[in-house]
Every structure is written in C-alpha cells, then in structure tokens.
Amino acid sequence: MAIHLTKESKILVQGMTGGEGMKHTRRMLAAGTNVVGGVNPRKAGRTVDFHDRPVPVFGSVPEGMDATGADVTVVFVPPAFTKAAVTEAADAGIGLAVVITEGVPVHDSVAFLDRARKRGTRVIGPNCPGLISPGQSNAGIIPADITKPGRIGLVSKSGTLTYQLMYELRDIGFTTCVGIGGDPVVGTTHIDCLAAFQEDPDTDLIVLIGEIGGDAEERAAAYIRDHVTKPVVGYIAGFTAPEGRTMGHAGAIVSGSSGTARAKQQALEAAGVRVGRTPTETARHVLAVLDAGA
C-alpha cells in the first residue's frame, strides 16, 4: 500500500527538541506515525511528552537505533549541521533519511549523499517536505489531514504543489506522496519514485510534478517511455515564468530553451503523459484517466 514508508516504519527525529522538530513531531504523532525517539547529544536521557506520548531522546542515531530498532530518520537540524547529521545516520546503517532542512550548501549535500549511497541509505531531500503514506505514516511536514489512502502515487519537486494536488484529489486518495525537494542535488529522484510506484501493486496511477530548470523531467520522460506501464499525469510549474529571469528555487535554472516548462511538457507528452497547465487541470486529467480505466 505504499513506497518507502509504511505503518511498520520506526522513526527517529534528529533535532526533535528544537522548535520545528517539536512542532512537526507532534503533527507526525497525531497522524499515527511511529516516532520512537529523538536525537540531541546535549539532551540525551531526557523524555519529551507529546500529549501523554513519551518520546525518549538519545545522544546519537546509533544509540537510538540500538534501543528502538528505528529504520527512518527525519532531519530537522540547521544547515550547518545537516552534513554531520545525515552522515551519522548513514554510517549507522539507517534505511531512510528524510532531510527537511532548507539552505544546505550544495557541496555538503554532494558529500553526504555520496556517503549515504555507499552505506545503502536512501535520502529524500534536502529542502523537501518529506513523504506521507496516508493512514500509515508521515515523515516530514506534509499535512496529514488533506487526503486519505487511495490509488494514486505522487512524486513532486514542489512542497506547496504536493499539498494542492493531494487536496484536489482527496476523494480518490494516495498510496504515497513523496516531496523530493527542489535543490540542484537531491537524494531521491523522480525516476526512483516512478520505479517504486511501478512495482507497487496498489498504485494505479502516478502523478509527477516538476518545475522549470534542469533536465530531471526530461530524464523522467525517457524512463516513463521505456519502463512505466501505468498511466502517468504530469504538471510543470512555471508556464507563466518570464523569460530571462532567475526564479526562486535553487534548481530552477533555465538556459535558452532547455529547462522551460514547454520543453518539459513536450518531452512528457511524447512519452504518453498527460500534462496539465494548472493543478486543477492536472486533477481533471487524473479523473479522466481513472474513469477511462475503471
């Protein structure tokens, strides 16, 4: 019923005792997530109560894993400490690290992603909203109350558009929604999620959200053409972006015609993907495809 994150996942929160860590740990627990511990070397041995749910704080990821059997960590630490946090988790052998932190230096991301790959740790992010398997588990900052379990898999560069499509398609619901992040270098790509959704027996349709800049969507289109048999519906943020202007996301770098929304749309449509020009139109495409296959 999900990819990468299930009701069996046991989650540590690195930076749980900070402001953002506390807020979102509370929200994850309210969604039914099995948060088994926090990590803060300066507060090891303490326990934090979240509405009568006590969560222990460990001094390190290895200590937390040994004590709880945790297989996922969610990282809420400042950018300057993110490299060390993810490296510690990867060296401990954790299966999945979800890096929420924004503003991580690219050279730090390159270093810890290389370390994670060598250790067999999947990284989602950095600068991402995380992922949610509705009704099972929520690792990150995605709102848990805007959708339900269902038949759609979603992979997105944009956090806000992840939430909007989840809400637009709430009556159908999702197996898993993955926000991979919009930085130039990320640990999990569109292609990684497409492959996982293709293998998931409960995902009937895949929604892919991209944005201007880079060539990730063009590469995803080639992968869809060659390997994905399930229907895919796409949306590219940036159709109305003015030419010659630098846009907000670190990964949204357009050079000439490369990386434009139109170029990405053409590549996806050539691979058989229906592409909407707005989130609402994208949702209508999803409904039409599901109705046709019902």
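Side chains included, hydrogens not; waters and symmetry mates left out as well; all remaining heavy atoms used.
T176 has its side chain out of reach of H4: every pair of non-hydrogen atoms, C-beta onward, lies at least 4.5 Å apart. Residues T17 and V48 have side chains in contact (heavy-atom distance under 4.5 Å, counting atoms from C-beta outward). No side-chain heavy atom of N34 sits under 4.5 Å from any side-chain heavy atom of I11. Residues R277 and Q265 form a side-chain contact, since some pair of their non-hydrogen atoms from C-beta on lies under 4.5 Å apart. Considering only heavy atoms from C-beta on, V289 comes within 4.5 Å of R274 through its side chain. Using a 4.5 Å heavy-atom threshold, the side chains of T47 and V57 count as separate. For the pair V55 and L29, the minimum side-chain heavy-atom distance is below 4.5 Å. No side-chain heavy atom of F76 sits less than 4.5 Å from a side-chain heavy atom of M16.
A distance of 9.5 Å separates CZ in F174 from CG in L205, rounded to the nearest 0.5 Å. Taking OG from S137 and CG from L5, the interatomic distance works out to 3.5 Å, rounded to the nearest 0.5 Å. We find the CD-NE2 distance between E281 and H285 to be 4.0 Å, quoted to the nearest 0.5 Å. For the atom pair OG1 (T121) and CG (D91), the distance works out to 8.5 Å, reported to the nearest 0.5 Å. Atom CG in L154 sits 8.5 Å away from atom CG in L208 (nearest 0.5 Å). Atoms CD1 and CG, from I3 and L194 in turn, are 9.0 Å apart once rounded to the nearest 0.5 Å.
Figure legend: cation-pi geometry between R115 and F112 absent, as NZ or CZ is not positioned both under 6.0 Å from the six-membered ring centre and within 45° of its axis.
Between the side chain of D183 and the backbone N or O of V185 there is no donor-acceptor pair closer than 3.5 Å. At least one donor-acceptor pair closer than 3.5 Å links the side chain of S9 to the backbone N or O of T6. Between the side chain of T282 and the main chain of T278, a donor-acceptor pair closer than 3.5 Å is present. Here the side chain of D71 pairs a donor or acceptor atom with the backbone of K10 at under 3.5 angstrom. One N or O on the side chain of T33 and one on the backbone of N138 form a donor-acceptor pair closer than 3.5 Å. Side-chain atoms of S133 do not come within 3.5 Å of backbone N or O of Q136 as any donor-acceptor pair. Of the possible polar contacts, one joining the K264 side chain to the G213 backbone as a donor-acceptor pair under 3.5 Å is found.
Using modelled atom types, one finds no donor on one side chain facing an acceptor on the other under 3.5 Å when comparing S60 with E88.
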Between E211 and S158, is a side chain to side chain donor-acceptor pair (under 3.5 Å) present by the stated rule, with each step listed?
CA-CA 8 Å; E211 64 185 10; S158 166; 5.4 Å; no
Could you go step by step and tell me if V72 and L12 meet the side chain to side chain contact (heavy atoms under 4.5 Å, CB included) rule?
CA-CA 6 Å; V72 178; L12 293 174; over 6 Å; no
Evaluation steps, salt bridge (charged side-chain N to carboxylate O under 4.0 Å, His left out), between D49 and R53
CA-CA 5 Å; D49 288 321; R53 167 74 184 271; over 6 Å; no
Could you walk me through whether V286 and E168 pass side chain to side chain contact (heavy atoms under 4.5 Å, CB included), step by step?
CA-CA 10 Å; V286 170; E168 295 258 7; over 6 Å; no
Before giving the answer on side chain to side chain contact (heavy atoms under 4.5 Å, CB included), spell out for L287 and I172 the whole-Å C-alpha distance, their side-chain angles and the decisive distance to 0.1 Å.
CA-CA 9 Å; L287 295 173; I172 301 170; 3.2 Å; yes
Give the intermediate values and the outcome of side chain to side chain contact (heavy atoms under 4.5 Å, CB included) for residues L131 and I124.
CA-CA 8 Å; L131 71 164; I124 295 176; 3.8 Å; yes
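V178 and V74 fall within a single hydrophobic cluster, where Ile, Leu, Val, Met, Phe, Trp and Tyr side chains are chained together by heavy-atom contacts under 4.5 Å. Tracing side-chain contacts under 4.5 Å through hydrophobic residues (I, L, V, M, F, W, Y), one never reaches V75 starting from V36; they form parts of separate clusters. Cluster annotation: M65 and V77 are assigned to distinct hydrophobic clusters (Ile/Leu/Val/Met/Phe/Trp/Tyr, side-chain heavy-atom contacts under 4.5 Å, transitive). Placement of I142 and F197 within a single hydrophobic cluster is found when ILVMFWY residues are connected by side-chain heavy-atom separations under 4.5 Å, directly or transitively. Taking hydrophobic clusters as Ile, Leu, Val, Met, Phe, Trp and Tyr residues chained together by side-chain heavy-atom distances below 4.5 Å, L268 shares a cluster with I209.
Scanning all heavy atoms of the two residues, the minimum distance from G130 to V98 falls at CA-CG1, 3.6 Å. In this structure, C193 and T188 approach most closely via the heavy-atom pair SG-CG2, 3.8 Å. Minimum heavy-atom separation, R170 to T147: CA-OG1, 3.7 Å. Shortest non-hydrogen contact noted between H190 and I180 is N-CD1, 3.7 Å. The heavy-atom pair separating T101 from P126 by the smallest distance is O-CB, 3.8 Å. When all heavy atoms of P143 and R27 are compared, the pair lying nearest together is CA-NH2, 3.7 Å.
Atom OH of Y223 sits in a crowded spot, with more than 12 heavy atoms from other residues, nucleotides or ligands closer than 6.0 Å. For CD of E63, the number of neighbouring non-hydrogen atoms (other residues, nucleotides, ligands) closer than 6.0 Å is greater than 12.
When the options T175, D204, D202 are evaluated for a side chain to side chain donor-acceptor pair (under 3.5 Å) with R151, the one that passes is D204.
In this structure, R284 has no salt bridge (Lys or Arg N to Asp or Glu O under 4.0 Å) partners at least two apart in sequence or on a different chain.
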Pair up each side-chain donor or acceptor in residues 103-111 with any protein partner under 3.5 Å, not counting sequence neighbours, and list the distances.
none

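Sorted by first then second residue, the ring pair (Phe, Tyr, Trp, His ring centres under 6.0 Å) pairs that include residues 47-75, not counting sequence neighbours, number zero.
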